[in-house]
Amino acid sequence: MTASFELATCKDQAIAWRHDFHMHPEIAFQEHRTASKVAMTLRSFGLDVVEGLAGTGVVGTLAEGDGPSIALRADMDALPIIEENTFAHASKTHGCMHACGHDGHVAMLLAAAGHLAQTRKFRGTVHFIFQPAEENEAGAKAMIDDGLFDRFNVNAVYGMHNWPGLAVGAFETCEGPIMAAFDRFELAINGQGTHAAMPHLGQDAALCASQLVSALQTIVSRRLNPISPAVVSVTKMHGGDTWNILPQRFTLAGSTRHFDPAVQNQIETEIYRISQGIAMMADVAISFDYQRFYPATFNSPAETTLAGQAATALVGAQAFSANAEPSLGSEDFAFMLQKKPGCYMRVGNGSANGGRNLHSPTYDFNDAALMPGAAYWVKLVETCLG
């Protein structure tokens with residue numbers, strides 16, 4: 001039996017879903033409970049449901065006559081963070097929490113699916129993609145590799161993310177790159193360990209590591225064109241076990257962010273050049289590994305216009321901006337946008353003050369943003385397939 005469900009009366013249900021997902025977070029590719037609940041809910045709305053894409057991915061399909069086909073995507077995974085909130089719906093899984101709002105993303109898309117299944121004010125097909133493993137594990141790519149767009153041949157794909165610092169009920173996006181590419185690197189220094197009181201008898205890997213951290217910052221400040229946004233960050237340093245030994249090995253790792261493939265190439269070349277220069281100076285060996293991980297998230301012009309029209313029709317021109325400032329954060333929805341045209345929209349989550357920023361142990365998705373987000377999905381479908 002198909003469940004009756006419309007946005008005008010579903011706020012409490014959407015909040016209940018969101019709180020349940022928040023209490024039971026699951027990290028990348030482990031979203032078994034979440035995926036099961038999503039699939040069960042979609043079936044209750046009468047959608048055709050496919051489970052198991054990339055392990056835990058779910059796709060629900062709603063068709064209404066002949067017409068184009070679009071996909072709407074929400075990510076499901078949580079982060080390995082110890083939650084510090086004490087409210088009733090705080091995480092019940094120690095060391096894991098929804099610190100990026102994916103619980104809200106799932107609830108918004110479920111609410112939209114339920115409403116559209118009831119009202120059917122569109123002509124065509126909508127695929128509701130519930131994706132695993134956005135955080136660091138490229139779940140979007142895994143779903144694509146598992147046949148996502150072979151099985152569901154869509155004309156366009158759309159994504160959305162909550163945005164702390166943007167008012168609840170407001171939306172923003174931009175044409176072109178909106179989120180940066182994300183690469184990872186590792187530098188392994190192999191020197192000669194020695195007694196800390198006799199540094200002249202060794203080659204100090206720790207000193208080389210400290211020089212590398214400083215020297216790598218000159219890539220952005222002195223080697224790249226100043227009008228080309230980029231970040232090079234060393235985020236891990238490992239070496240040594242005690243106070244009186246200069247370690248023989250030291251490892252650095254970090255990430256780079258950028259929008260332009262030419263800048264990406266230059267950063268990789270510069271990290272290698274700097275590391276080998278310091279290796280030669282210090283008479284050590286430094287190995288270098290560079291992994292191109294997430295591409296830039298690139299909004300296509302026509303689909304961004306349609307998304308903007310939907311947002312404006314929903315909240316008015318005063319609460320929508322088509323000139324969002326691109327972020328140097330990254331998003332694996334980029335892989336979907338490499339395969340299909342589409343748009344990535346930001347929905348306001350309210351103030352970021354008091355630790356309510358993304359990936360904070362005190363973050364919580366703002367329940368007041370659920371209905372605006374769900375209503376945007378509905379308006380987008382009606383705009384694209386009207």
Side-chain angles (χ1 to χ4, degrees), residues 10-38 40-41 56 58 73-112 130-137 139 159-172 179 233 235-236 327-333 345-377:
C10 78
K11 180 179 179 180
D12 290 345
Q13 178 61 77
I15 291 173
W17 284 334
R18 210 279 295 178
H19 288 191
D20 179 73
F21 293 134
H22 193 94
M23 284 191 288
H24 302 97
E26 296 169 302
I27 61 171
F29 295 119
Q30 301 300 314
E31 308 93 340
H32 300 288
R33 181 186 183 277
T34 304
S36 177
K37 182 161 187 172
V38 164
M40 178 183 67
T41 304
T56 49
V58 178
R73 170 268 201 177
D75 37 17
M76 300 188 294
D77 57 319
L79 284 157
I81 294 176
I82 298 174
E83 182 161 8
E84 295 181 6
N85 294 312
T86 57
F87 42 58
H89 63 272
S91 173
K92 295 183 180 295
T93 304
H94 182 73
C96 185
M97 78 170 283
H98 273 293
C100 203
H102 298 184
D103 50 344
H105 299 171
V106 173
M108 289 189 293
L109 193 55
L110 283 176
F130 293 84
Q131 179 211 302
E134 186 276 329
E135 301 286 359
N136 290 318
E137 297 297 336
M160 180 166 56
H161 204 291
N162 77 95
W163 208 250
L166 183 65
V168 170
F171 295 83
E172 66 177 20
M179 302 289 280
S233 295
T235 58
K236 294 195 295 184
S327 168
L328 282 159
S330 302
E331 163 65 75
D332 77 342
F333 185 63
M345 180 69 73
R346 295 172 183 161
V347 57
N349 199 60
S351 174
N353 295 335
R356 287 176 287 182
N357 52 301
L358 300 176
H359 293 206
S360 164
T362 54
Y363 168 87
D364 189 37
F365 184 94
N366 191 336
D367 286 333
L370 286 171
M371 289 300 96
Y376 163 75
W377 280 136

Contacts of S360 meeting side chain to side chain contact (heavy atoms under 4.5 Å, CB included) (sequence neighbours excluded), chain-then-number -> N357, T362, Y363
To the nearest 0.5 Å, atom CD1 of I82 lies from atom OG1 of T93 at 12.5 Å
Item to complete: Please assess N366 against N162 for the test side-chain contact (heavy atoms from CB on, under 4.5 Å), listing each intermediate value before the final yes or no.
Response: CA-CA 9 Å; N366 191 336; N162 77 95; over 6 Å; no
Heavy atoms of E137 and A28 approach each other most closely as CG-CB, 3.6 Å
When every non-hydrogen atom of A14 is compared with those of A107, the smallest separation belongs to O-CB, 3.7 Å
Under 3.5 Å, is there a donor-acceptor pair between the side chain of N85 and the main chain of F87? no
Do other residues, nucleotides or ligands put more than 12 heavy atoms under 6.0 Å from the NZ atom of K37? yes
C100 and H359 have their tightest heavy-atom pair at SG-NE2, 3.4 Å
**Report entry** Q30 and D77 side chains, donor-acceptor separation under 3.5 Å
**Finding:** no
Closest heavy-atom pair, T56 versus P132, reported as atoms and distance to 0.1 Å, is OG1-CB, 3.1 Å
Residue pairs meeting salt bridge (Lys or Arg N to Asp or Glu O under 4.0 Å), one or both in residues 91-110, sequence neighbours left out, come to R18-D103
Those residues at least two apart in sequence (or on a different chain) that pass side chain to side chain contact (heavy atoms under 4.5 Å, CB included) with N353 are S351, R356
Residues at least two apart in sequence or cross-chain that pass side-chain hydrogen bond (donor to acceptor under 3.5 Å, both in side chains) with E331, listed by chain then number, are R73, Y344
The ring-ring contact (aromatic ring centres under 6.0 Å, His included) partners of F365 (sequence neighbours excluded) come to none
So CG of D75 and CZ of F130: to nearest 0.5 Å the spacing works out to 11.0 Å
Does the N349 side chain pair with the main chain of W163, one donor and one acceptor, at a distance under 3.5 Å?
no
Sorted by chain and number, sequence neighbours left out, ring-ring contact (aromatic ring centres under 6.0 Å, His included) with W17 holds for F5
Applying salt bridge (Lys or Arg N to Asp or Glu O under 4.0 Å) to E172 and not counting sequence neighbours gives R346
Value for OG (S91) from CE (M23), rounded to nearest 0.5 Å, stands at 10.0 Å
**Asked** Can H98 and E83 be counted as having a side-chain donor-acceptor contact under 3.5 angstrom?
**Response** no
For A112, the side chain to side chain contact (heavy atoms under 4.5 Å, CB included) test, sequence neighbours excluded, returns W377, V378
side-chain hydrogen bond (donor to acceptor under 3.5 Å, both in side chains) filter on E26, not counting sequence neighbours, yields T34
CE of M179 to OG of S330, rounded to nearest 0.5 Å, is 6.5 Å
For H102, the ring-ring contact (aromatic ring centres under 6.0 Å, His included) test, sequence neighbours excluded, returns H105, H161
Sequence neighbours excluded, the answer for side chain to side chain contact (heavy atoms under 4.5 Å, CB included) partners of H19 is I15, H89, D367
The ring-ring contact (aromatic ring centres under 6.0 Å, His included) partners of F21 (sequence neighbours excluded) come to none
Closest heavy-atom pair, L370 versus G104, reported as atoms and distance to 0.1 Å, is CD2-O, 3.8 Å
Minimal heavy-atom distance between G373 and M160, with the atoms involved, is O-CE, 3.5 Å
To the nearest 0.5 Å, atom CG of L79 lies from atom CD1 of I27 at 9.5 Å
